[in-house]
Amino acid sequence: MSRKASQLKHKKEHRSSRVPFCVFVPLLILLVIIILFLWLIWPKDGTYDGDAAALTETAAEAESGDSAGTETEASMEESLPEIANSDNLTLSSVYTSSILNPDCGGEYAEEVASLEVTNASDQYLASASLTAEMSDGTAVQFVVSDLPSGATAEIFDTANQSLASGVTCESIECISEEYLDGDMLMTDTIEITSEESGAVAVLTNTGEEDLTGLTVVYHCDMAGQYFGGVSYVTTIESLAAGESWELTDDTLLGEIAVVRVYQ
């Protein structure tokens, strides 16, 4: 074969091994797009954990936050002062509230001291008076009345004193308390029921004799505990045998909880 023929053959074989230009350009553009996309989603610290890792990190943060919150609540509970001079009243929380204060005639209160107290005795608490000493030197007065055995009440500063942020409770002392024994609800002759909404309490005379001059004592029940240390009183002039009487109070924020009935 001649040298010229050999060169022509080599050139022809070389051209056949090239990728056509019309195919190469689209592939190059696609490769550039893929590189840009990866660069945009890739974290700037050079690591990429993906969605699963992100979810794991979020869950870990949430768990850590819950643990911290639980530890804070536990620390707060441990730091609560005991109620001095009372073996029957226990304290479960100290905080401030901005409310219409039921223990101050319904006046608006701005960041006033609030307590959650429970009657831990097996008797009926007729009344109690407490004084709390705050870290800024403020003395706060509380009263609670008509608290059945095992019941809890949120009670508020009777003078509506606003506390500065960060003020804590240093000590609490029970100044006076009075307890009663006996059947506080006259269950031998009175049946007490309530409507589903809890806004109406129904008292029925289940005895054989008419009743006169009944006094009914009740609290505002908010989610299972009484709102305010103050109790409310109404009277029933007469309640015939088998007759029912409905107690309503539109001023209450919660449900009616009858705690005592007596003549």
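Only heavy atoms go into these numbers, but all of them, side chains included; no hydrogens, no water, no symmetry mates.
Taking hydrophobic clusters as Ile, Leu, Val, Met, Phe, Trp and Tyr residues chained together by side-chain heavy-atom distances below 4.5 Å, Val143 does not share a cluster with Ile99. Tracing side-chain contacts under 4.5 Å through hydrophobic residues (I, L, V, M, F, W, Y), one reaches Ile155 starting from Met134; they form part of the same cluster. Cluster membership check: Leu247 shares its hydrophobic cluster with Ile190, using side-chain heavy-atom separations under 4.5 Å among Ile, Leu, Val, Met, Phe, Trp and Tyr. There is a path of hydrophobic side-chain contacts, each under 4.5 Å, that joins Met186 to Trp245.
Between the side chain of Thr158 and the main chain of Gln141, a donor-acceptor pair closer than 3.5 Å is present. In this structure, Ser162 contributes its side chain and Glu110 its backbone to a donor-acceptor pair below 3.5 Å. Between the side chain of Asp157 and the backbone N or O of Ser114, no donor-acceptor pair lies under 3.5 Å.
Closest heavy-atom contact between Gly229 and Asp103: N-OD1, 2.9 Å. When all heavy atoms are compared, the tightest approach of Ile172 to Ala132 is CG1-CB, 3.9 Å. Considering all non-hydrogen atoms of both residues, Thr118 and Gly150 come closest at CG2-O, 3.9 Å. Of all heavy-atom pairs between Cys174 and Asn85, the closest is O-CB, 3.6 Å.
Partners of Asp183 according to the side-chain hydrogen bond (donor to acceptor under 3.5 Å, both in side chains) rule, which considers only residues two or more places apart in sequence or in another chain, are Thr187. Residues that satisfy the side chain to side chain contact (heavy atoms under 4.5 Å, CB included) test with Glu82, not counting sequence neighbours, are absent from this structure. Not counting sequence neighbours, the partners of Ser86 by the side-chain hydrogen bond (donor to acceptor under 3.5 Å, both in side chains) test are Glu177. Applying the side-chain hydrogen bond (donor to acceptor under 3.5 Å, both in side chains) test to Asp221 and every residue at least two apart in sequence or in another chain returns nothing. For the side-chain hydrogen bond (donor to acceptor under 3.5 Å, both in side chains) test, residues two or more places apart in sequence or in another chain that qualify with Asp181 are Gln123. In this structure Ala240 satisfies the side chain to side chain contact (heavy atoms under 4.5 Å, CB included) test together with Asp210, Glu243, sequence neighbours excluded. Listed by chain and number, the residues in a side chain to side chain contact (heavy atoms under 4.5 Å, CB included) with Ala84 are Glu173 (sequence neighbours excluded).
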Atom pairs and distances, donor-acceptor, side-chain atoms in residues 252-263, under 3.5 Å, two or more places apart:
unit_1, atom_1, unit_2, atom_2, d
Gln263, NE2, Thr212, O, 3.0

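Apart from Leu100 itself, the hydrophobic cluster it occupies contains Tyr108, where clustering links Ile, Leu, Val, Met, Phe, Trp and Tyr at side-chain heavy-atom distances under 4.5 Å. Cluster partners of Val202, using a side-chain heavy-atom cutoff of under 4.5 Å among ILVMFWY residues and allowing indirect links, are Val200.
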Does the side chain to side chain contact (heavy atoms under 4.5 Å, CB included) test come out yes or no for Leu214 and Thr235, once each step is laid out? CA-CA 6 Å; Leu214 292 174; Thr235 58; over 6 Å; no
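The line from CG of Leu130 to CG of Leu89 is 6.0 Å long, rounded to the nearest 0.5 Å. Note that CG of Asp87 is 10.5 Å distant from OG of Ser121, once rounded to the nearest 0.5 Å. Once rounded to the nearest 0.5 Å, the distance linking OG of Ser149 with CG of Asp122 reads 6.0 Å. The line from CG of Asn119 to OG1 of Thr152 is 9.0 Å long, rounded to the nearest 0.5 Å. Taken to the nearest 0.5 Å, the OG1 atom of Thr90 stands 10.5 Å off from the CG atom of Leu80.
Among pairs with a residue in residues 192-220, those fulfilling ring-ring contact (aromatic ring centres under 6.0 Å, His included) read Tyr218-Tyr232, His219-Tyr226, at least two apart in sequence or across chains. For residues 123-163, the set of pairs meeting the ring-ring contact (aromatic ring centres under 6.0 Å, His included) definition, not counting sequence neighbours, comprises Phe156-Phe227.
Side-chain contact check for Glu191 and Thr204: no donor-acceptor pair (N or O, by modelled atom type) lies under 3.5 Å.
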